[in-house]
2 protein chains.
Amino acid sequence: MALDHRPRPATQSDVAREVGVSRTLVSFAFRGAPGVSDETKQAIFDAAKRLGYRPNAVAADLARKHRSAVGLYLMDIRNEVYADILSGVRTALHQDRNRLILSVSRSVDGEDQGALESLMEARVGIIIAATLLDSDERAQELAKLVPLVSVTRRIEGVDSVHSDDAAGARAATEHLIRLGHTRIAHLAGPAYDGHTVRRESYAKTMRDAGLKPLTLAAEDFTQDSGERAAARLLGMADRPTAIFTHNDQLALGAREAAYAGGLSVPADLSLVGYDNSRTSRLHGIDLTSVDLHAVELGRRAGVAALNRLMDPEAPIADERLLPELVVRNSTAPPREGS
Amino acid sequence: MALDHRPRPATQSDVAREVGVSRTLVSFAFRGAPGVSDETKQAIFDAAKRLGYRPNAVAADLARKHRSAVGLYLMDIRNEVYADILSGVRTALHQDRNRLILSVSRSVDGEDQGALESLMEARVGIIIAATLLDSDERAQELAKLVPLVSVTRRIEGVDSVHSDDAAGARAATEHLIRLGHTRIAHLAGPAYDGHTVRRESYAKTMRDAGLKPLTLAAEDFTQDSGERAAARLLGMADRPTAIFTHNDQLALGAREAAYAGGLSVPADLSLVGYDNSRTSRLHGIDLTSVDLHAVELGRRAGVAALNRLMDPEAPIADERLLPELVVRNSTAPPREGS
DNA sequence: GTGAAAGCGCTAACAC
DNA sequence: GTGTTAGCGCTTTCAC
């Protein structure tokens, strides 16, 4: 067998025995607690190195009746926004010695029990969730079991750091109205509690401008489902001349549907996405999109988690960032007569 | 405080006390072990539900002197390939009740100690690594501490499931040669042990065709660094008419560099990527790319991990899949006279 | 069928 | 400075 014999990992006791001290001293030494002479400390570290000892954080947590790991739930690993949030969370957590346990939603099927469950099983001390698919109610229940920080979505009674979706959707819609579009559709995601703000803001903005809103919900948040939904929109008799989508992936799907139908962007169809992903910035894609500053969102969520861990009694955090519309080349005035 | 009082989670003892049996019975009941009457079992489950008891998998592992969690290391969360591998791994692990702990490399800086360390700390029973940045030697050392499955990269003496990179790079290079290109450059990633196969295969294919290889290593695997490196390539006196890149992100960066320099793809520059990412399939991007079947790679890695867990003495796995060149519109014959 | 007791690797009083 | 002891939530002999 090429595999070497894997010896049972060294424990505190092994180190203590090797040095000839008690386990307590080893424990103290590794946690930097006072009460261990420098010599002893050196001897302990040397022995530990020799034996290949590494503290068992899991057992330590158990003994301490305390949970040091922070769990991060991500709805969609294929969406850059979540990668950005991860980056942000990490920079915030970097200082502390916290372990970060990631968990990704299995599929975008409207419930994240599996992923959340695995975080609970791993016995994390707090969960940062981006973006919860569950209802507000279930989220609030979850928060009773373990501290919860919701990113990207505001939940009453739960630490939340989110982006002003109403403002973002309004900016996107107004941009299209200002260009002269009147038949502006909205390609929404599935209608979960956390995802209604953008569609409502879109509808309100349309009505305020005297226009008729037209919202179609995609099956999920993927490019494929965006393409399917947009194909339906573009097949209508009075097809829209502009579409504002819930996220960039849906927008890219709509873009494919347009080209598949012989339409081009922005000449025949204006498109506004949401997320300002890297792909949206590619030459030839040039997607107008709303940037919700995901890295910063993640960073703040990390800070909020740290705060909550330090003070369980602190008031509920509720932070809101302002998104920003980035205008590129996927939007233009509608063609004459269309 | 809006936050409800968070009660200490119920334990086995609580359930046992509630039902009026010993802890052992509760333990047996939850693990489906024989020796518990159906009535008792029912009573136990009822009480557990009432009390909101959920088994502590971490403590169970500790007591069992066994590690049930599987750790998955991903090099780059922004690269779709890794999202695909994650999907594959999950489908393979789905049957089993194994916990999956994710860990993503902090930055692409040539060493993944941090991410690996966190997996060790979480006390996982096996690590699936995609793609290790460390040297073969360090990977082999790691494998002595905890079972390791390497995906995407073959490591001697370690369970590996990878794609035939030599074949992939050869196919890409030959495709460009066949189109008539002679000045074909290769944009490689940083030169880690695991990433040399593609560049070597490219060089060999060039030499075999009587052409002179020109390899430039990007600083990392991101689009930005691809853009910078490609800009240097395109600024050369005798600039290449085609570039084959280590991955799609680098290729997209090269594409940006081309357009920034007034060149268009494929008229002035042919481009072949690697990964066949979703972005590469977008209308207007149409990137010719090598598909390494990442989902299947991940699935097999998951299976390999399960096997290793079941039989530590089994022979080392070494699986290799054949990649596939997907030709799109980013490659064309070189312009006359160039 | 059921339960008592020891132990997993570690922490945290408290005493010496 | 250093060691003793009890215990975290659970599993696992082994005896009743």
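To find a chain, count down the sequence lines: A is the first, B the second, and so on, and within it residues start at 1.
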Donor-acceptor pairs under 3.5 angstrom involving side-chain atoms of residues 314-321 of chain B: please list them, not counting sequence neighbours.
| unit_1 | atom_1 | unit_2 | atom_2 | d |
| --- | --- | --- | --- | --- |
| B:Asp318 | OD1 | B:Arg154 | NE | 3.4 |
| B:Asp318 | OD2 | B:Arg154 | NE | 2.8 |
| B:Asp318 | OD2 | B:Arg154 | NH2 | 3.2 |
| B:Glu319 | OE1 | B:Arg300 | NH1 | 2.7 |

*Residues which pass side-chain contact (heavy atoms from CB on, under 4.5 Å) with B:Ala305, listed by chain and number, not counting sequence neighbours*: B:Ile126, B:Ile128, B:Val149
*Can you tell me the distance, in whole Å, between the CE atom of B:Met120 and the C1' atom of C:dG9?*
15 Å
*What integer distance in Å separates B:Leu25:CG from C:dA5:P?*
16 Å
*Between protein and nucleotides 11-16 of chain C, map the contacts as a letter string: B base, S sugar-phosphate only, - none, heavy atoms under 4.0 Å, written 5' to 3'.*
BBB---
*Inspect the contact between A:Glu141 and A:Arg138 and indicate whether a charged nitrogen and a carboxylate oxygen are less than 4.0 angstrom apart.*
no
*State which residues pass salt bridge (Lys or Arg N to Asp or Glu O under 4.0 Å) with B:Arg78; sequence neighbours excluded, sorted by chain then number.*
A:Asp84
*asked:* Distance check needed: D:dG7 C1' versus A:His66 NE2, whole Å only.
replied: 17 Å
*With B:Glu137 via salt bridge (Lys or Arg N to Asp or Glu O under 4.0 Å) - residues at least two apart*: none
*Kindly say if A:Thr11 contacts the phosphate of C:dG9, meaning a side-chain N or O under 4.0 Å from OP1 or OP2.*
no
*B:Leu62 has an atom CG; how far is it from atom C1' of C:dA6, in whole Å?*
14 Å
*Pairs in or reaching into residues 35-59 of chain B: which pass salt bridge (Lys or Arg N to Asp or Glu O under 4.0 Å), with residues at least two apart or in two chains?*
A:Glu117-B:Arg54, B:Glu18-B:Arg50
*Return the value, rounded to whole Å, for the distance between atom CG of B:Asn56 and atom C1' of C:dC8.*
13 Å
*asked:* Students often get this wrong, so: under 4.0 angstrom with heavy atoms, is A:Val58 touching a base, only sugar-phosphate, or nothing?
replied: nothing
*asked:* Taking ring pair (Phe, Tyr, Trp, His ring centres under 6.0 Å) as the definition, give me every residue that meets it alongside A:Tyr53, ordered by chain and number, with sequence neighbours left out.
replied: A:Phe30
*asked:* Could you work out, with side-chain contact (heavy atoms from CB on, under 4.5 Å) as the rule, every residue matching B:Ala57, not counting sequence neighbours?
replied: B:Arg99
*asked:* Using a 4.0 Å cut-off on heavy atoms, which residues in residues 34-52 of chain B reach DNA chain D? List them by number, or say none.
replied: none
